[in-house]
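None of these values were measured; they are calculated from a predicted model. In what follows, chains carry the letters A, B, and so on, assigned in the order in which the sequence lines appear, proteins first and then strands, with residues in each chain numbered from 1.
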Protein chains: 8
Amino acid sequence: MKITRIKVYQVDLPLHEGSYKWSGGKSVEVFDSTVVAIETDAGFTGHGEVCPLGPFYLPAYAAGARAGVGELGPHLIGQNPTRLGPINRLMDKALQGHPYVKSALDMACWDLFGQASGQSVCELLGGRYGEDFHLYRAISQEAPEEMARKISGYREEGYRRFQLKVGGDPNEDIERIHAARAILEPTDKLVADANTGWLMHEAARVVRAVRDVDVYIEQPCAKYEENLAIRRRTDHPFVIDENIDSLA
Amino acid sequence: MKITRIKVYQVDLPLHEGSYKWSGGKSVEVFDSTVVAIETDAGFTGHGEVCPLGPFYLPAYAAGARAGVGELGPHLIGQNPTRLGPINRLMDKALQGHPYVKSALDMACWDLFGQASGQSVCELLGGRYGEDFHLYRAISQEAPEEMARKISGYREEGYRRFQLKVGGDPNEDIERIHAARAILEPTDKLVADANTGWLMHEAARVVRAVRDVDVYIEQPCAKYEENLAIRRRTDHPFVIDENIDSLA
Amino acid sequence: MKITRIKVYQVDLPLHEGSYKWSGGKSVEVFDSTVVAIETDAGFTGHGEVCPLGPFYLPAYAAGARAGVGELGPHLIGQNPTRLGPINRLMDKALQGHPYVKSALDMACWDLFGQASGQSVCELLGGRYGEDFHLYRAISQEAPEEMARKISGYREEGYRRFQLKVGGDPNEDIERIHAARAILEPTDKLVADANTGWLMHEAARVVRAVRDVDVYIEQPCAKYEENLAIRRRTDHPFVIDENIDSLA
Amino acid sequence: MKITRIKVYQVDLPLHEGSYKWSGGKSVEVFDSTVVAIETDAGFTGHGEVCPLGPFYLPAYAAGARAGVGELGPHLIGQNPTRLGPINRLMDKALQGHPYVKSALDMACWDLFGQASGQSVCELLGGRYGEDFHLYRAISQEAPEEMARKISGYREEGYRRFQLKVGGDPNEDIERIHAARAILEPTDKLVADANTGWLMHEAARVVRAVRDVDVYIEQPCAKYEENLAIRRRTDHPFVIDENIDSLA
Amino acid sequence: MKITRIKVYQVDLPLHEGSYKWSGGKSVEVFDSTVVAIETDAGFTGHGEVCPLGPFYLPAYAAGARAGVGELGPHLIGQNPTRLGPINRLMDKALQGHPYVKSALDMACWDLFGQASGQSVCELLGGRYGEDFHLYRAISQEAPEEMARKISGYREEGYRRFQLKVGGDPNEDIERIHAARAILEPTDKLVADANTGWLMHEAARVVRAVRDVDVYIEQPCAKYEENLAIRRRTDHPFVIDENIDSLA
Amino acid sequence: MKITRIKVYQVDLPLHEGSYKWSGGKSVEVFDSTVVAIETDAGFTGHGEVCPLGPFYLPAYAAGARAGVGELGPHLIGQNPTRLGPINRLMDKALQGHPYVKSALDMACWDLFGQASGQSVCELLGGRYGEDFHLYRAISQEAPEEMARKISGYREEGYRRFQLKVGGDPNEDIERIHAARAILEPTDKLVADANTGWLMHEAARVVRAVRDVDVYIEQPCAKYEENLAIRRRTDHPFVIDENIDSLA
Amino acid sequence: MKITRIKVYQVDLPLHEGSYKWSGGKSVEVFDSTVVAIETDAGFTGHGEVCPLGPFYLPAYAAGARAGVGELGPHLIGQNPTRLGPINRLMDKALQGHPYVKSALDMACWDLFGQASGQSVCELLGGRYGEDFHLYRAISQEAPEEMARKISGYREEGYRRFQLKVGGDPNEDIERIHAARAILEPTDKLVADANTGWLMHEAARVVRAVRDVDVYIEQPCAKYEENLAIRRRTDHPFVIDENIDSLA
Amino acid sequence: MKITRIKVYQVDLPLHEGSYKWSGGKSVEVFDSTVVAIETDAGFTGHGEVCPLGPFYLPAYAAGARAGVGELGPHLIGQNPTRLGPINRLMDKALQGHPYVKSALDMACWDLFGQASGQSVCELLGGRYGEDFHLYRAISQEAPEEMARKISGYREEGYRRFQLKVGGDPNEDIERIHAARAILEPTDKLVADANTGWLMHEAARVVRAVRDVDVYIEQPCAKYEENLAIRRRTDHPFVIDENIDSLA
Ligand SMILES: [Mg+2]
Ligand SMILES: [Mg+2]
Ligand SMILES: [Mg+2]
Ligand SMILES: [Mg+2]
Ligand SMILES: [Mg+2]
Ligand SMILES: [Mg+2]
Ligand SMILES: [Mg+2]
Ligand SMILES: [Mg+2]
């Protein structure tokens, strides 16, 4: 099988709730997504997508994804898309770095490999493990009582896991965590995601102030070392997110 | 697809040269191999094999492989063999350790996955990279001049990479390495594989004595820390083999 | 003294309480044990036993023990069983790894050495230290109140040390620990053994939730590094079990 | 001062010698450069340039530079370009990563700051230290004798420092280094730049083979840890290049 | 531009409150400050100042500053003061160590560079970030209730951040921290600065005794390692001051 | 000055309170002390003493001290005792290890040096710092209430610092610490000295149980690493004693 | 079995060659040895011996051994000598440190255990491995040519392994090593034992000067860290002796 | 005894050879020394001296020494100069840092202590070890042949240890070392002191180029880490000087 043509589409994804707010006053109303379609001489067409959470969440942005596909495209024409190892090695050789650019193309090649094999991609990636999984609900950053009110509403819809968007003013964030936990059952799970929004001394104050609350702390500070220092000060379960961008 | 039956075969693999000798006076004339055939309700049958280099090379032996397949077999009947991740997790849960037992079954499942997908297994494992590769020739442990003579012969057959079986008497091994290198061209590659046969002070003496010879040193001592200590004393390129038995 | 014959027996050991349950829903009704008898030209017969806690507790299983004895047996015939060092070195050379296989044979050789010396084995192993020791009682995993009830009963029989089988649902395990400690005196000892049943974030939540309870925490997670990370978050006394499988 | 407009130009830079070859058979005939011009309400226009050595030398490419300037440009309009700290913090906040994109804009802002201050940029960056410095001459990868011949020529033009492009076949590279050094005076400097072209065992062989040659070794392997391992095996002076892409 | 003359002035700076007391019974009524004026052939005169907090706070003293300027001055005459890098390298070469001596001269050169460039120094140092910032109020060491009383007064003037001078008797310092925090609002910030006044075991006792108080701990002990040990015993936010005297 | 004769005396030092009890049921009624007198040709006689706390507190015992002086004595005759460095080097060369033996002789040489110089030894050792210091009172191990009662009595005599001899049954030790602290004022100091009497898990339980008590923990376990592990679990101030036996 | 009496004997062991010289001008003509005989109520008598190489080789001396046996003896009367673990724990509890004192008593107890068991001690210690082993010959420190001459003589007697006593003047030691190796065959083994006689810079010079000689280096300097630093500078095989005085 | 007055003298010390040259073109003709005289009420006067090797060798300069004595003097009047510990603690409290200032005063106090005790200072500092010691001769930096010529001359005067002042042009320094060693006997000692004059890559080249020369390398680079890196590349004995400025 050989790649014959690559198409790229820009797609607007407006938010269901109108907007989504998180640390540092950041918010978004519409996501700018990029979809690629890889056509082959075997009649199959594979699709992939890359949709950065804006240009300031991770080193990735929508226009860059499209520019990068333009750079990589000519190298892929004529290649066998089902050989995922060689195709990725070729992409790394043709363009250093910029992994987000390659992810949409990689995804489309996996799609083609699935079609060629008559297998769903999850089987090719190691095999399907289950039939379902639990969702958690992210709570956009608002005043503490407003966030607690929303959790109550989602809880009635059946949610049992909640991710509070904190990372704003530390004093108010302490109130957010207390207010949210107060309306939950002991078996519910609460995560406070600061999205790198706290300085180290602010994070240190927050984890002390919620020392007796059953809550997970997510990505309090920007740098890995800062988060490590905070984790060593507290016995809260901990989640790292923005700092985990490779398997290295 | 579901596994319906698993067959196990014992197979004798006699050596072409009659025997093969390496460190510590070890030698072998016939390898005791085990082949498994996994039958499915989809009409496919997958094959796998496990053939330990005797019970003293790595923690694995032929009768143990067959006993282990007997232990694991009942757990596999009725499972989907193409889901490699879940099938391996099930094997690990049913029987801790004993990875060599699982390798033949894992191999047969990959074979079935290949048949079900219409793909060769190398494509499913990441994609084929090339069409061919160079072989090296292992030289069974003999007197230095005899080993050099054999290398000459194999060189005429076209071989350019040679693995000397050393790990015997250190003084004689020093002669083996000098004799072998003497009849090679600069672009040929020579590896001296001690197969854990040297004590640390013996290995230290050997690498000093061949300080000016273009040779790779392979697995001089038994423990990883011993090999590390030897590697730090020398600037020869180094190969570790028996110590590398997992990806951990 | 020389070994003349080795016999191997399979023995069923049914549980007094009918069944025993622990982490991850694991349970057992009958243990499959293996007994070896080593006969010698001196008229002594030594006995040893290996009884894995099922194939999923440690890398050991009953059928593998018997296959391994079959592999090792021929190497031992004619050897002096009272030379424990050389006999174990011979076993390690004849079969790499599989220490559980060798343990029953090693045990039988110690038995023979004891008979030949007119000494009990504990004297040969370094000398007897005392006349007696305290037993603890393992409490099979049930609902919290049921486990507390059983502890009350065993306490009346005179037990003062209890090992709770936890490692199930973390929320319920928190209740188990609180319920068990509530009916104990301050000088009694309580250990909560998760048998690797918790993920790290679950273990982190449990030790926080029992922060003020006088309880030992045993083997919360599967990997050594995970347990180390949990131990560093808490000041509870700690016990490691499944991770300690050698003196290295 | 405020930024009022940003212009971007694409520029072709053909090579004086026609082509330039280095490790892995890579070569280039024309560099694709990007020049930005930042216009201000103060009448000054600042210029900056970014010219990646192709898309495969570092994580940077010409089209990506231009796409990135398009992303960043709107954020810069109306800002004071002479405030280099705030302007860079704004760029980092508006677009994570992609430092090569920002470098051309940063450069143009420094140019504006220099014009506004009546200072050359080198004075603003810490102060000019000298009046002149020595150039070294890179020698495009050819056959050993051809490279030695070119060095002779450049030496007659007055060059005294030479950077050999190696990183090809290790046996031939060994010859290149010997041939080049042979025609130099003791006080001349020779650097062998592999541009990440060697695997670790190849690099280990090369540094052994030139053990007695007065030569610097530059960037033998791709990863920092690989280069570190090679450096620890040799006492040659060492240069790292591709691995040094930040001050972190 | 060239330096033509350097003048040095001694200046007395009496304290507004009459005196200032901190750890170990140290206090001061008048600061002995040194001002330098660098004159140039361009008509500009630059000013700098160095005012040690007495000779016992850091390795710096007023008379030494003036002696050092006398040593350095002759080396600076005729130099270009706007080349900050070369000028500092020259000072380091002319006089090792004694960085406080150089700071006043460095400051005056920056002043000259600002005048020559028509830029304020903060622009030359990286660019101005904001228009204003919050002040904290240091509270001279008195009896606990007296310090609390002063905080109340300053709070009415609008202060919201307070630095308690502790580092005296540990039992009294515990009272000082409790008394000060008691009269503050949750969003106010309190820092307890011991100015190296505690021995390690005293610091350990204090941080335990204020375990539930929202307070920052500043420089409890003299040596960095001592402070590190204390920080590892507590989850209070931490400030280091006297130990941070370079960027190395 | 030269040493002409060395005399050794055995001295019994009975305890004022009759007996002294500490961890592990150890107790003592009379100390066996050794006094040496070094005579010189200058008419001065210097005295030194070594009095081990029994043979089981540190590696030192009374008879060994006397045997060692016998070994060293002949080497010292004729030497200049005021040259402390050379005299100690000579002792170390004449007899490896056994520092307690040398301490009495070293002490007597210092005494002679003091007499020869007309200086008290504290001046020769660096200079006297003060005129007086606080004593603490060790409380022999008894039942908790009895130890509290004794503290009350000593407190009336003016003592303010107390060292509880714990290191017995951990449950009882917890009571000892609570009882002792209960009758003290906040500014009094309490140290709980286990004299290596606890196993690690016992020490972990004790420090948890007195988590809110203002008490120093002294030498809980035998090995340095054990004590370090306990210290890392607690924020109590810590004292190490038996493990600190050199300046290395 | 119980210990009823312990006898101690002093024994003179004169040297066969008259004297033995090693590093630092140390030499000995007669060794002062101590033999203990432990008598039991079972009729067996066990013997042990301790013979320090003078008081300056390790922390042990003959008179100290006899004093220590006097201290320990009363604790052993009535004990069961065949319980080696408890008997050693009792000795460690009765007298801290002084392991050389305990070694003679421990040896005698092993002797008794052997007699009681009808086993030779080597069997009780783990089992006999072989029937014979090679001796090496220590060469007392003389002029280089004299030492070479002695090696020649011993070589004719059949010795093939030689330990040169160096550790004297480094320049002369370099000659000793060259002279000794010159008269040996390649398969003979030569060890240069400095017995801690070199300072670090002297050891560094020696190993450089014999860089191309096939020789083992033994205990060049006094401290472990010094020897480690020397080992890292050289690729000679290395032996540590005086620094290895425990299994810790 | 009490200090009643402190006098300070400036003294010129011209060089015997006229001038002394070392790394980086540094040279000196006259040393500017400072002598202090401490007078006491006991009639004794103690003298001390501080003579920095110019202001650029270490952080110390002559005028600073005199200014510092002026700062410290008033604190010392009335103090007992024979209490060296308290007097130094007082100086550290009165003036942080500036240890060179304190050294002359400390020296004068030792002098007074010696007078008061009737002991020479070397006895008070630990005792005199020997009667004499070897001097080495520093060779001022000149052309290689000139330095070799001077060594010849000094050798005839009886010198056997030489310190070459290198740290200039690396190519010339290589010649200096070769030329100097060429005229020495094997038992003579040669040290090449670069006085921090080489960059790391220069030092790496030099030690490679003198790989087979018996020479010590002293202080090749400025920073400790640089010197450490060079030491790890070479097996030359090594000396650190400028980096060793405290006992910490
Ligand atoms: Mg997140
Ligand atoms: Mg191999
Ligand atoms: Mg367990
Ligand atoms: Mg390069
Ligand atoms: Mg401060
Ligand atoms: Mg104590
Ligand atoms: Mg030895
Ligand atoms: Mg020097």
Side-chain angles (χ1 to χ4, degrees), chain A residues 1-3 6 38 40-46 48 72 75-94 99 102-133 246-248, chain B residues 1-3 6 38 40-44 46 48 72 75-95 99 102-133 246-248:
Chain A
M1 195 191 310
K2 297 223 175 318
I3 296 174
I6 301 176
I38 299 186
T40 65
D41 62 2
F44 299 122
T45 299
L72 281 170
H75 297 269
L76 297 179
I77 302 300
Q79 299 294 326
N80 181 346
T82 69
R83 293 189 166 163
L84 271 301
I87 213 89
N88 271 286
R89 197 155 71 165
L90 184 149
M91 291 198 288
D92 284 344
K93 209 171 155 188
K102 298 162 188 169
S103 71
L105 295 162
D106 175 72
M107 215 180 280
C109 290
W110 276 104
D111 185 10
L112 287 164
F113 194 21
Q115 295 177 46
S117 310
Q119 303 284 346
S120 71
V121 171
C122 80
E123 301 291 356
L124 291 169
L125 284 169
R128 180 196 302 268
Y129 273 99
E131 298 307 313
D132 199 7
F133 50 86
S246 85
L247 292 175
Chain B
M1 195 191 309
K2 299 224 170 319
I3 296 175
I6 301 176
I38 298 185
T40 63
D41 61 2
F44 300 122
L72 280 171
H75 296 269
L76 297 180
I77 302 300
Q79 299 295 325
N80 181 345
T82 67
R83 292 188 166 165
L84 271 303
I87 212 90
N88 270 286
R89 195 156 72 166
L90 183 150
M91 291 199 286
D92 285 343
K93 209 172 155 187
L95 176 63
K102 298 164 188 167
S103 71
L105 295 163
D106 175 70
M107 215 180 280
C109 290
W110 276 103
D111 186 11
L112 287 165
F113 193 23
Q115 296 178 44
S117 309
Q119 303 284 346
S120 72
V121 172
C122 82
E123 301 293 356
L124 290 170
L125 284 168
R128 180 195 303 268
Y129 273 98
E131 297 308 311
D132 200 6
F133 49 88
S246 83
L247 293 174

Can you tell me how far the CZ atom of A:Arg128 sits from the CZ atom of B:Arg83, to the nearest 0.5 Å?
->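 A:Arg128 CZ to B:Arg83 CZ: 5.5 Å, rounded to 0.5 Å.
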Rounded to the nearest 0.5 Å, what separation is found between the OG1 atom of B:Thr82 and the CG atom of A:Leu124?
->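 One gets 9.5 Å once the value is rounded to the nearest 0.5 Å.
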In this structure, are over 12 heavy atoms from other groups packed under 6.0 Å from A:Lys2 atom NZ?
->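 More than 12 within 6.0 Å, yes.
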Find the one option among A:Gly85, A:Gly127, A:Gly126, A:Pro86 whose heavy-atom pairs under 4.5 Å with chain B are most numerous.
->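 Ranked by contacts with chain B, first place is A:Pro86.
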List the atom of B:Arg89, the atom of A:Tyr129, and the distance in Å for their closest heavy-atom pair.
->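 Heavy atoms only, the tightest pair is NH2-CD2, 3.0 Å.
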Using non-hydrogen atoms and a 4.5 Å limit, figure out which bit of A:Gln119 sits close to chain B: side chain, backbone, both or neither.
-> side chain
